[in-house]
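Below: the structure, in structure tokens.
Here is how names work: the chains are called A, B, and so on, in the same order as the sequence lines, proteins then strands, and each is numbered from 1.
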Amino acid sequence: MKLYDYKKFDAYWQEKWKENKIYETPKLPHNKKIYVLDMFPYPSGEGLHVGHPKGYIATDIYSRFKRMNGFDVLHPMGWDAFGLPAEQFAIKNKMHPRMSVEQNISNFKKQLSHLGLDYDWSREINTTDPKFYKWTQWIFTKLYEKGLAYESNAPINWCPTCKTGLANEDVNADGTCERCDTKVEKKPIRQWVLKITDYADRMLKDLDLLQWPEGVKLAQKNWIGRSEGAEFDFKLTDVKDHTDGQMSVKIFTTRADTLYGATFVAISAETAKIWFDAGWETIDGVKEYVLNTLEEQKKENDYSVVPEKTGVYSGINAINPATGEKIPVWVANYVLGGVGTGAIMAVPAHDERDLEFAKKYNLPIKEIDLDKTIDEMVKKFNGKKVVRYKMEDWVFARQRYWGEPFPVVRDKTGKVYMVDESELPVLLPEVESYEPTGTGESPLAAITEWVNVKGYITEKGTFKQSSDGEIFTRETNTMPQWAGSSWYYLRFLDPDNDKALVSPEIEKVWQPVDVYVGGDHATRHLIYARFWHKFLYDIGAVSTVEPFSRLEFLGFILAEDGRKMSKRWGNIINPDDVVNEYGADTLRVYEMFMAPFDQTAAWSTTSIKGSDKFLDRVYNLRNKIGSTSTVLNDVHKTIKKVTEDIEKFKFNTAISAMMILVNKMEEESFTKEDYSLLIMILAPFAPHISEQLWNELGNTTSVHKTDWPKYDESKLVEENATISIQINGKLRGTFVVPFNSEDIVVSEEVKKTEGYKKYVGEQEPKKVIIVKNRIINIVI
RNA sequence: GCCGGAGUGGCGGAAUGGUAGACGCGCACGACUCAAAAUCGUGUAUCGCAAGGUGUGGAGGUUCAAGUCCUCUCUCCGGCACCA
């Protein structure tokens with residue numbers, strides 16, 4: 001039986017808090033500010049499972065804690081609602097994605113509302129709201145103005161199932177689509193691409209400024225993949241082509257010091273293809289090999305399997321600039337078109353891959369002394385030092401309906417213009433069918449009355465509509481889902497502003513996000529958002545160089561069977577059911593107690609009973625309030641522990657500390673003062689039961705509006721200390737001395753103990769080590 | 001292959017170099033009950049009757065003292081991957 005009537009009081013207090021608007025944040029803070037943010041969710045049709053709110057509970061606890069510590073806390077929530085799933089749902093159910101998104105959001109909100117979360121809903125945002133995506137489009141126009149958005153026809157990742165292009169970040173390591181696991185192909189399509197590589201260096205450097213988990217920083221570092229190296233020109237000879245045979249090939253290497261050992265040059269099939277297109281004629285078999293390899297590479301996009309190395313001699317030779325030797329040029333499948341210059345100098349003696357290839361095709365292997373520096377070699381042989389990044393530019397277009405339209409039109413000649421700022425947003429039009437065409441064109445292309453638009457070009461070079469203007473055509477691709485989430489955190493600061501994405505006065509005081517909490521987005525969202533933020537900084541729209549100061553990762557909650565919760569396995573636990581059975585506070589406490597916050601853990605329908613019991617025992621203690629206290633030390637110790645643990649997101653040990661205190665209070669005696677302190681530190685974790693108890697104690701204001709209790713150092717001093725006796729490092733008993741006893745007292749007292757008499761006796765110890773209040777180690 | 005993270009009771013896990021297993025679950029026994037649930041109490045790493053010994057994936061090392069630091073090694077998880 002539950003002592004605390006959660007069915008009655010949870011809802012009652014939630015209503016009260018709402019009425020009193022205790023969580024609304026002023027536009028400009030009056031006190032010290034803190035911005036606590038969750039990675040906003042995609043409102044899927046499946047609704048919440050118990051794993052979803054874990055992060056929200058943590059930020060709720062943290063922001064309640066900070067509020068009690070006198071901060072003005074900004075803790076908002078919104079929806080990342082563009083994207084494929086909503087569109088796929090719409091196709092299947094013949095329903096406008098906007099409708100399903102609306103439904104899903106209201107369902108999510110209802111589920112969240114039962115948990116007593118302290119979101120300031122007056123700031124709710126939604127990426128699919130034209131008032132929001134107006135500014136997503138605006139940012140794009142600015143990127144274009146600064147030369148950071150360009151069009152490309154280069155082959156990109158294409159998912160045949162989703163029928164859209166994908167960014168590299170959307171492709172799994174095994175070459176499958178992140179969404180649907182279909183093999184991704186390479187397909188040349190006209191695409192908008194953002195020049196994220198321009199920011200690679202700054203994104204790398206500024207990682208040092210961030211209080212993020214080291215693992216995430218490293219993942220970003222690897223993703224950016226900076227490598228310093230050098231380029232050299234190798235003169236080509238024996239070239240049969242339309243030129244005069246004076247061609248050269250540019251190679252990239254990080255090991256310029258091994259130049260003397262280069263025994264052949266290997267070029268990628270893509271490079272060879274470019275040479276063919278330029279009129280290169282070659283010996284038999286090469287062209288076939290190149291075309292086959294290109295075909296292979298298009299199909300075999302599985303990066304986890306290293307294909308067997310193959311190659312063919314091109315008929316061309318090159319001159320090693322260091323040795324002057326004539327060395328053969330091979331076309332090889334292990335040299336990749338998109339990497340470096342698409343051509344390498346092969347040094348079999350110092351590179352495993354080159355060695356493997358050299359052995360297979362009987363190419364010379366030349367051992368050399370490595371006594372030259374890279375700088376020397378570059379200087380001596382006319383090389384050029386270059387910095388390369390593994391990260392590629394961001395393919396920023398999707399051939400789908402449910403996304404932000406580009407604010408872009410073209411004139412008859414195909415010249416591109418941005419839609420004038422005054423005419424943003426470019427609204428997403430209604431269509432009859434959301435089905436992707438699969439041709440590389442978006443479904444928007446079919447709506448001619450939208451695509452064709454009359455207007456003129458302003459003096460600024462932007463496009464404005466006018467019924468008597470010329471005909472322009474709109475861009476029909478849409479932006480990827482990552483667009484809105486790359487800047488949404490700024491919009492919470494000033495959600496209704498229609499003059500700017502955020503007003504500078506407001507931005508200046510609230511930015512950056514102080515604590516950002518969410519799941520694993522090490523190389524996607526967190527890369528894109530940092531890129532856009534730095535760009536916004538450069539154009540003066542924001543005042544900080546980084547968006548998120550501190551990042552806390554959350555570990556996922558697995559189903560009881562250890563698998564991911566999913567409809568497919570039928571193992572989903574719905575928070576509504578848990579709230580129904582135990583109340584919101586039990587769910588909250590259990591999710592925080594079950595494991596360290598950043599660790600993945602499986603749900604347990606039996607373990608949750610422990611958290612439930614704990615809250616009941618807290619509630620029951622109200623009948624045991626007395627007039628004397630034997631737990632004062634413990635109360636202060638607990639305040640200290642809980643205070644420090646919340647700050648560090650160590651919620652599991654904070655709860656455990658409160659459990660220890662409750663155990664003690666049950667056994668000993670305590671006052672109303674002690675009990676009040678317990679309720680105050682429990683309040684962020686279990687806001688409903690705490691509020692109810694606070695009320696029952698005769699308080700008329702909310703416990704969530706009280707000041708966080710300060711612990712008193714002087715009260716942490718214990719009366720006695722239990723010292724363990726170690727003889728040669730082995731535990732041989734314990735004894736009690738007054739707290740903070742001098743070493744001399746401890747070393748005298750120890751002689752009276754049984755352990756000492758038995759193991760040391762009359763011997764003179766060789767050495768005695770005393771750790772105050774803890775241990776005495778006697779070496780004999 | 002490279003880079004991270006982690007290996008502690010039946011389970012989730014706790015431990016500023018200082019009594020390993022806190023706290024919780026589970027389990028066992030007991031109380032209450034006609035009975036069950038709930039609740040409360042006691043116990044619960046392991047070997048041993050005991051004294052005592054052994055124990056934090058494994059092997060070494062540093063130290064008065066190691067789950068914690070160092071070296072090597074095994075296993076699992078995550079990220080990246082023919083990146084020149």
Measure centre to centre between the rings of W603(A) and Y590(A), then say whether the value is under 6.0 Å. yes

Does a nitrogen or oxygen in the side chain of K613(A) sit under 4.0 Å from OP1 or OP2 of rC25(B)? yes

Out of rC64(B), rC23(B), rG52(B), which has the shortest distance to the side chain of K767(A)? rC64(B)

Pick the C1' atom in rG9(B) and in rC25(B), then give their distance to the nearest Å. 13 Å

Quick one: L558(A) CG to rC11(B) P, roughly how many Å, whole number? 17 Å

Distance in angstrom units between R353(A) CZ and rC2(B) P, rounded: 13 Å

Could you say whether R255(A) or N728(A) is positioned toward the 5' end of RNA chain B, judged by the nucleotide with the nearest heavy atom to each? N728(A)

So which nucleotide from rC83(B), rG24(B), rA22(B) ends up closest to the side chain of R617(A)? rG24(B)

For S656(A), answer base if it contacts any base atom (sugar-phosphate contacts may also be present), sugar-phosphate if it contacts only those atoms, and nothing otherwise; contact means non-hydrogen atoms under 4.0 Å. base

With a 3.5 Å limit on both atom pairs, tell me what rU62(B) is paired to, counting Watson-Crick and G-U wobble, or say none. none

Y334(A) has its side chain closest, among rG24(B), rC82(B), rA15(B), to rC82(B)

Euclidean distance for C1', rU68(B) against rU19(B) (whole angstrom): 16 Å

Give the ring-plane orientation class for F651(A) versus F597(A), where under 30° counts as parallel, over 60° as perpendicular and anything between as tilted. perpendicular

rG55(B) P sits how many Å from L731(A) CG, rounded? 15 Å

For R226(A), which contact category applies under a 4.0 Å heavy-atom criterion: base, sugar-phosphate, or nothing? nothing

Counting any heavy atom closer than 4.0 Å, what does V347(A) reach on the DNA or RNA strands: base, sugar-phosphate only, or nothing? nothing

Touch check for K217(A), heavy atoms < 4.0 angstrom, all strands: base, sugar-phosphate only, or nothing? nothing

Within the 4.0 Å heavy-atom criterion, would you say L336(A) contacts the bases, only the backbone, or no part of the nucleic acid? base

In this structure, how many angstroms lie between the P atom of rC11(B) and the CZ atom of F593(A), rounded? 17 Å

Whole Å only: how far is the OH atom of Y619(A) from the C1' atom of rA38(B)? 18 Å

What do you reckon, is CD of E742(A) surrounded by more than 12 foreign heavy atoms closer than 6.0 Å? no

Heavy atoms only, 4.0 Å cut-off, all strands: where does F264(A) land among base, sugar-phosphate and nothing? nothing

If I take atom CD1 in residue I527(A) and atom P in nucleotide rC80(B), what distance separates them, rounded to the nearest angstrom? 11 Å

Mate of rA37(B) where both pairing distances stay under 3.5 Å, Watson-Crick or G-U: none

Determine which nucleotide pairs with rA45(B), using a 3.5 Å limit on both distances of a Watson-Crick or G-U wobble pair. rU54(B)

Would you say rG53(B) has OP1 or OP2 under 4.0 Å from some side-chain N or O of R732(A)? yes

Rounded to whole angstrom units, what separation is found between the CD atom of E214(A) and the P atom of rA6(B)? 12 Å

Does the rC64(B) base have a donor-acceptor partner in the side chain of N777(A) within less than 3.5 Å? yes

Between K641(A) and Y711(A), is NZ or CZ placed under 6.0 angstrom from the six-membered ring centre and within 45° of the ring axis? no

What nucleic acid atoms does G225(A) come within less than 4.0 Å of, heavy atoms only: base, sugar-phosphate, or nothing? nothing

For rG18(B), does OP1 or OP2 lie under 4.0 Å from any side-chain N or O of Q726(A)? no

Between rU33(B) and rA14(B) - C1' atom distance, rounded Å: 37 Å

Please check the phosphate of rG55(B) (OP1 and OP2 only) for any side-chain N or O of K730(A) closer than 4.0 Å. no

Could you check whether the side chain of K309(A) and the base of rC82(B) have a donor-acceptor pair of N or O atoms closer than 3.5 Å, going by distance alone? yes

rA14(B) P sits how many Å from M594(A) CE, rounded? 13 Å

Report the base-pairing partner of rU75(B) (Watson-Crick or G-U wobble, both distances below 3.5 angstrom), or none. rA6(B)

Given that T253(A) and T600(A) both sit by RNA chain B, which one's nearest nucleotide is further toward the 5' end? T600(A)

Check: D645(A)/T653(A) side-chain N/O donor and acceptor closer than 3.5 Å: yes

Identified pairing partner of rA84(B), criterion: Watson-Crick or G-U wobble below 3.5 Å: none

Please tell me whether Y334(A) and F357(A) form a close aromatic pair, meaning their ring centres lie under 6.0 Å apart. yes

Nearest to the side chain of N663(A), which nucleotide is it out of rU19(B), rG24(B), rC83(B)? rG24(B)

Return the nearest nucleotide to the side chain of K390(A); candidates are rG4(B), rC83(B), rC64(B). rC83(B)

Using modelled atom types and a 3.5 Å cut-off, is there a donor and acceptor pairing between side-chain atoms of Y389(A) and backbone atoms of W223(A)? no

Establish, for the pair R524(A) and Y528(A), whether the NZ or CZ atom is under 6.0 angstrom from the six-membered ring centre and no further than 45 degrees off its axis. no

Please state the P separation for the pair rG10(B) and rG21(B) - nearest whole angstrom. 16 Å

Nearest listed nucleotide, side chain of R388(A), among rA14(B), rC83(B), rG12(B): rC83(B)

Compare the minimum distances between each of rC82(B), rC23(B), rG13(B) and the side chain of A595(A), then state the nucleotide with the smallest one. rG13(B)

Kindly say if N652(A) contacts the phosphate of rA14(B), meaning a side-chain N or O under 4.0 Å from OP1 or OP2. yes

I775(A) has its side chain closest, among rU19(B), rA14(B), rG52(B), to rU19(B)

From the candidates rG79(B), rC82(B), rA14(B), the one with an atom nearest any side-chain atom of T653(A) is rA14(B)

